[in-house]
Amino acid sequence: LTPETETTAWTEKERALFLTLYRSMVLIRGFEDLIQALFLRGEVHGTTHLYSGQEAVAVGVSSSLDDRDRVAGTYRGHGHALALGVSAQELLDEMLGRATGLNGGRAGSMNAASMKNRLLGSYGIVGGSIAAATGAALALRRHNGVAVAYFGDGAVNQGYFHECLNFASVFKLPVLFVCENNLYGEYTLSEAVSGGPIAGRAEAVGVPVQVVDGMSVWHVRAAAIAAVERARSGDGPTLIEALTYRFVGHSRSDPARYRRSGELEEWKKRDPLVVARARLEAEGVASADIAAVDAAVARELAEAEARGLAAPLPDATALPSEFKEA
Ligand SMILES: Cc1ncc(C[n+]2csc(CCOP(=O)(O)OP(=O)(O)O)c2C)c(N)n1
Ligand SMILES: [Mg+2]
């Protein structure tokens with residue numbers, strides 16, 4: 001894998017693609033900052049689990065997928081959704097509980113789903129995404145599609161993880177098991193509650209593992225491309241363990257005081273946006289082009305905020321369409 005600072009003589013097409021990936025990461029970061037601000041103003045109800053710091057994982061993986069594929073995200077799922085092309089407006093309206101939201105304002109932060117964007121759901125049950133993707137893979141293999149499950153380092157101690165990896169391995173299902181290892185499950189260091197490394201668990205049931213730098217969209221993308229190719233060729237699942245870090249607490253009420261001293265600062269040096277900007281610049285992408293992306297995203301989010309806050313609330317007395325008789 002190429003360190004971000006090395007130049008590899010990108011083609012014009014690559015330049016455009018990589019600037020798009022950068023834009024997607026900037027959008028996720030800006031979206032999460034906006035959600036946090038709106039939450040503090042009492043505009044976002046329920047809870048939120050922000051994706052800040054982990055952007056390179058969803059963006060790198062999504063860049064390896066196409067229309068045949070499906071994704072199961074987690075409650076930390078705003079990034080999973082945006083990386084698949086869900087519009088910031090629809091997702092924001094959903095968080096604001098508006099009728100114009102992705103799911104009519106009824107899913108909120110933790111349950112967003114979008115079949116048109118290949119997102120099966122954002123699973124609030126830890127490990128639930130693993131089961132959903134494994135099941136989806138049974139159907140997808142008929143169409144040469146691939147299923148992706150995002151889950152955290154905490155989820156590898158769930159029964160789902162062991163059962164599904166074994167099942168997918170035996171039946172050679174086309175699944176990418178993407179473990180976002182951000183070191184913590186809620187307020188607990190995963191190391192303190194896990195009897196052995198994550199990779200060993202997958203390898204024990206015949207699932208190969210790629211451990212990647214989860215702060216580099218290029219490292220994640222390269223691993224995902226290889227895993228997708230393996231899955232589509234009928235060779236079975238891969239576990240991608242992306243080493244990453246969340247820059248904020250677990251959820252809205254967590255000040256993250258359990259962090260070890262200096263830990264956040266160390267990881268911020270590998271902020272996926274900083275890493276990506278450095279690489280883009282090293283490849284000769286003009287600073288002005290990068291700044292233009294930043295400005296365009298800021299505009300998009302400001303407009304989305306104004307529109308979202310003005311959007312109508314759902315009719316609380318109307319039955320959601322799924323309860324109506326056909
Ligand atoms: C089955 C189940 N058990 C417990 C919880 C409570 N819970 C929510 S998030 C979380 C931590 C999960 O950590 P990890 O898998 O590392 O994901 P991260 O939040 O770090 O992305 C727990 C225990 C839950 N939602 N579902
Ligand atoms: Mg975790």
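What you see is a predicted model, and the numbers here were worked out from it, not measured in a lab.
The two residues G73 and L119 come nearest to each other via the heavy atoms N-CD1, 4.1 Å. In terms of heavy-atom proximity, A83 sits nearest to S24 at CA-OG, 3.9 Å. Taking every heavy atom of both residues into account, A137 and L173 meet most closely at CB-CB, 4.1 Å. When all heavy atoms of R106 and D315 are compared, the closest pair comes out as NH2-O, 3.6 Å. Heavy-atom minimum distance, I35 versus M95: CD1-CG, 3.6 Å. Nearest heavy-atom pair, D93 versus G308, reported as atom, atom and distance to 0.1 Å: OD1-CA, 3.1 Å.
Taking 4.5 Å as the limit, every side-chain heavy atom of M215 sits out of range of all side-chain heavy atoms of L243. The side-chain heavy atoms of Q89 and E303, taken from C-beta on, include no pair separated by under 4.5 Å. Between L183 and D153, the closest side-chain pair of non-hydrogen atoms is not below 4.5 Å. Using a 4.5 Å cut-off on side-chain heavy atoms (C-beta onward), V212 and I240 make contact. Between L239 and P208 the shortest side-chain heavy-atom distance does not fall below 4.5 Å. Residues V71 and L120 fail the side-chain proximity criterion, which asks for heavy atoms closer than 4.5 Å. Counting heavy atoms from C-beta outward, L280 and W10 have side chains that approach closer than 4.5 Å. In this structure the side chain of R260 reaches within 4.5 angstrom of the side chain of L189, judged on heavy atoms.
Judged by distance alone, with hydrogens and angles left aside, the side-chain atoms of S129 form a donor-acceptor pair with the main-chain N or O of Y150 at under 3.5 Å. Although no hydrogens or angles enter the test, the distance criterion places a donor-acceptor pair under 3.5 Å between the side chain of R15 and the main chain of E283. Side chain of N182 to main chain of G152: no donor-acceptor pair is present (N/O by atom type, distance under 3.5 Å, no hydrogens or angles). Checking side-chain atoms of E94 against main-chain N and O of G108 turns up a donor-acceptor pair under 3.5 Å. Listed for the E14 side chain is no donor-acceptor partner under 3.5 Å among the backbone atoms of E12. In terms of modelled atom types and a separation under 3.5 Å, the side chain of S64 and the main chain of V61 share a donor-acceptor contact. At distances below 3.5 Å, not a single donor-acceptor pair connects side-chain atoms of S194 with backbone N or O atoms of E191. Side-chain atoms of R230 come within 3.5 Å of backbone atoms of P237 as a donor-acceptor pair (strictly under, hydrogens ignored). Put simply, the side chain of D69 gets close to the backbone of V146: a donor and an acceptor are under 3.5 Å apart. In this structure, the side chain of S122 engages the main chain of A112 through a donor-acceptor pair within 3.5 Å.
Ion pair R201/E241 not flagged as a salt bridge, since none of the NZ, NE, NH1 or NH2 atoms sits closer than 4.0 Å to an Asp/Glu carboxylate oxygen. A salt bridge links E305 and R41; the closest N-O separation between the charged side-chain nitrogens and carboxylate oxygens is under 4.0 Å. One finds a salt bridge joining K116 and E90 here, because a Lys/Arg side-chain nitrogen approaches an Asp/Glu carboxylate oxygen to under 4.0 Å.
Here the NE2 atom belonging to H250 is positioned 4.0 Å from the CD atom belonging to E186, to the nearest 0.5 angstrom. Between I125 atom CD1 and T74 atom OG1 the span is 12.5 Å, to the nearest 0.5 Å. To the nearest 0.5 angstrom, L165 atom CG is 11.0 Å from E203 atom CD. To the nearest 0.5 Å, atom CG of residue L92 and atom CG of residue L102 are 11.5 Å apart. Note that CG of L264 and NZ of K269 are 11.5 Å apart. Values are rounded to the nearest 0.5 Å. For the atom pair CZ (F18) and OG (S63), the distance works out to 8.0 Å, reported to the nearest 0.5 Å.
Ring pair F171/F167: centre-to-centre distance below 6.0 Å. The aromatic ring centroids of Y184 and Y258 lie less than 6.0 Å from each other.
A donor-acceptor contact closer than 3.5 angstrom is absent between the side chains of R252 and T48. Side-chain atoms of R246 and Q54 include no donor-acceptor pair closer than 3.5 Å. Looking at S114 and N117, their side chains do bring a donor and an acceptor atom within 3.5 Å of each other.
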### Task
Give the C-alpha distance, both sets of side-chain angles, the deciding distance and a yes or no for salt bridge (Lys or Arg N to Asp or Glu O under 4.0 Å) between R118 and D67.
CA-CA 7 Å; R118 305 174 246 154; D67 285 344; 3.6 Å; yes

### Task
Would you sort out whether F247 and W267 count as a ring pair (Phe, Tyr, Trp, His ring centres under 6.0 Å), showing the intermediate values?
CA-CA 8 Å; F247 289 166; W267 279 92; 8.3 Å; no

### Message
Please determine whether side chain to side chain donor-acceptor pair (under 3.5 Å) holds for the pair E266 and Y245, giving the CA-CA distance in whole Å, both sets of side-chain angles, and the decisive distance to 0.1 Å.
### Response
CA-CA 10 Å; E266 260 325 289; Y245 197 77; over 6 Å; no

### Message
Let's go through L40 and Q36 carefully: what are the C-alpha distance in whole Å and the side-chain angles of both, what is the deciding distance for side chain to side chain contact (heavy atoms under 4.5 Å, CB included) to 0.1 Å, and is it a yes or a no?
### Response
CA-CA 6 Å; L40 293 174; Q36 180 65 11; 4.1 Å; yes

### Message
salt bridge (Lys or Arg N to Asp or Glu O under 4.0 Å), that's the test. Do R23 and E300 meet it? Break it down for me.
### Response
CA-CA 12 Å; R23 185 189 201 284; E300 179 182 340; 3.1 Å; yes

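In this structure R299 satisfies the salt bridge (charged side-chain N to carboxylate O under 4.0 Å, His left out) test with no other residue, sequence neighbours excluded. For T188, the side-chain contact (heavy atoms from CB on, under 4.5 Å) test picks out V193, with sequence neighbours left out. Evaluation of the side-chain contact (heavy atoms from CB on, under 4.5 Å) rule for A133 yields A72, A147, A149, V175 as partners, not counting sequence neighbours.
By the criterion of side-chain heavy atoms lying less than 4.5 angstrom apart, applied directly or through intervening Ile, Leu, Val, Met, Phe, Trp or Tyr residues, L82 is grouped together with L21 in one hydrophobic cluster. When hydrophobic clusters are built by joining Ile, Leu, Val, Met, Phe, Trp and Tyr residues whose side-chain heavy atoms come closer than 4.5 Å, directly or via intermediates, L27 is grouped together with V217. Both L309 and L34 are assigned to one and the same hydrophobic cluster, defined by single-linkage of ILVMFWY side chains at heavy-atom distances under 4.5 Å. Linking Ile, Leu, Val, Met, Phe, Trp and Tyr residues whenever their side-chain heavy atoms come within less than 4.5 Å leaves I225 and L65 in two separate clusters. A continuous path of ILVMFWY side-chain contacts below 4.5 Å connects M115 to Y123, so both sit in one hydrophobic cluster.
Looking at H78, E180, R29 one by one, the single match for side chain to side chain donor-acceptor pair (under 3.5 Å) with Y51 turns out to be E180.
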